[in-house]
Number of protein chains: 2
Amino acid sequence: MRVLSTICFDADDTLWQNERYFRLTEERFLELLADHAEPDHLAERLLDAERRNIERYGYGIKGFTLSMIETALQVTENRVPGEVIAELLAAGKELLTHPVDLLPGAEETVRGLAGRFTLVLITKGDLIDQERKLAGSGLGELFDGVEIVSEKTRAVYRDIFSGRGIAPDTAMMVGNSMKSDVLPVLDAGGWGVHVPSRIAWALEAAEAPLGHPRFREIGALSELPDLIATVTRNI
Amino acid sequence: MRVLSTICFDADDTLWQNERYFRLTEERFLELLADHAEPDHLAERLLDAERRNIERYGYGIKGFTLSMIETALQVTENRVPGEVIAELLAAGKELLTHPVDLLPGAEETVRGLAGRFTLVLITKGDLIDQERKLAGSGLGELFDGVEIVSEKTRAVYRDIFSGRGIAPDTAMMVGNSMKSDVLPVLDAGGWGVHVPSRIAWALEAAEAPLGHPRFREIGALSELPDLIATVTRNI
């Protein structure tokens, strides 16, 4: 009989707030550009730039800042004042110092599972920023491993599992992104648990794999221990 | 008797060209700003910005691009034209696609050591960009492990060694940066081998630890196999 050995957690918007700080920065972007460009579709233009640049910039705040600057130049045909670009740079730097607000149940859940399971944090974004947030979260010591990756694909999960000698069907990944935390883990042979976040980034949207035998959804992290107990009983 | 078990390599300017592409981009920056700011100290202002921003941005091209934009705004008191900012963004993106030019002896040396030693690549910079370069180098499969880190400190090397079950005094790190590739590895109990690069970044400069028993310097990577043989005989 197989049992669960390893619980992996996503970080941003699973353990702590993230997207809301991006949204506040985006609002600042829209305000700053309001006097210089038509407001229509400004947010969509920014999202287009992010989507276009992901392949080169990867995830994280530095790429987001560069995409804000690029969009400001494009929508104003390069006429955006230097002061506005300076404000965008400052907004990006501020985003890099946002406080680490743990989500409800995050600390209790992780603390309760530590020692009983191998815990691995798997997150994407800028290295230094993710390290800062993990340090600020106070949860760092509860994890047996931390993987900061450039993309969350089936191959990446497989490498993480095999590198740690973990059989995929004994591993569970818990996160708010169906696209990054659930679907590729199911494909890699593991369990995928979706914990929807209140605010989600459009680029992370994907259909739920309803009916998949290793897919589960919970409303909050505090439901995770019961889910693990149920899954373990039925494996 | 202890023998060497593990050879770790730095990547940028140790295995492949890197700094020369930054320099070309910096020259482009100086040209672009020439009509808009006094040329005096422009390069120093850029270096100041990089130094100031390292803590937040970390290493890599995205942070460098943001520092170029910040410097352009500062030296022109925000009067730099939008076209110039757009050019700096484009220069940063171009830097993210620069070809991977292996340095002389890199491929033969790594290939000759693979299988005989555990080989680990240890590099800092933007995750996605370092992965792109490793893939483009064709050397990826020769390494037993790849560590992309935000900073190369004694603690980081210790974590890498202990995470892989490597006794520090059986590990050798080879790289072009005295500050990042040699000194902290010596502090961590390993061997540090300096291979000076033709062009070096000012922020990586440090004094050679002359007389340290585990410090060595070679003129080119092709000298590494002989050095390893000598060290192994004398341990």
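Chain A is the first sequence line, chain B the second, and so forth, proteins listed ahead of strands; every chain is numbered from 1.
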Heavy-atom distance under 4.5 Å to chain A: side chain of Glu131(B), backbone, both or neither?
side chain

Of Asn53(A), Thr65(A), Val80(A), the largest count of non-hydrogen pairs under 4.5 angstrom with chain B goes to Asn53(A)

Using heavy-atom distances under 4.5 Å, tell me whether Val149(B) contacts chain A through its side chain, its backbone, both, or neither.
backbone

Should the pair Glu55(B)-Arg132(A) be classified as a salt bridge under the 4.0 Å nitrogen-to-oxygen rule?
no

If we define contacts as heavy-atom pairs under 4.5 Å, which of Thr97(B), Val84(B), Asn78(B), Thr76(B) has the most with chain A?
Asn78(B)

Under 4.5 Å from any heavy atom of chain A - which part of Leu73(B):
side chain

Going through the distances and angles, do Asp129(A) and Tyr57(B) end up as a side chain to side chain contact (heavy atoms under 4.5 Å, CB included)?
CA-CA 8 Å; Asp129(A) 186 45; Tyr57(B) 291 158; over 6 Å; no

Give the C-alpha distance, both sets of side-chain angles, the deciding distance and a yes or no for side chain to side chain contact (heavy atoms under 4.5 Å, CB included) between Leu66(A) and Ile69(B).
CA-CA 10 Å; Leu66(A) 289 165; Ile69(B) 294 171; 4.3 Å; yes

Find out whether Lys62(B) and Arg56(A) are in side-chain contact, i.e. whether some heavy atom of one side chain is under 4.5 Å from a heavy atom of the other.
no

Does some side-chain heavy atom of Glu70(A) sit less than 4.5 Å from a side-chain heavy atom of Lys93(B)?
yes

Counting only heavy atoms closer than 4.5 Å, note whether Ile61(B) contacts chain A via side chain, backbone, both or neither.
neither

Any Asp126(B) side-chain heavy atom under 4.5 Å of Leu127(A) side chain
no

Check Ile54(B) against Ile128(A) and note the closest heavy-atom contact, atom names and distance.
O-CD1, 3.8 Å

For atom NE2 of His36(A), is the number of surrounding heavy atoms from other residues, nucleotides or ligands below 6.0 Å larger than 12?
yes

Among the listed options Glu83(A), Glu77(A), Gln74(A), the residue most often paired with chain B at heavy-atom distances under 4.5 Å:
Glu83(A)

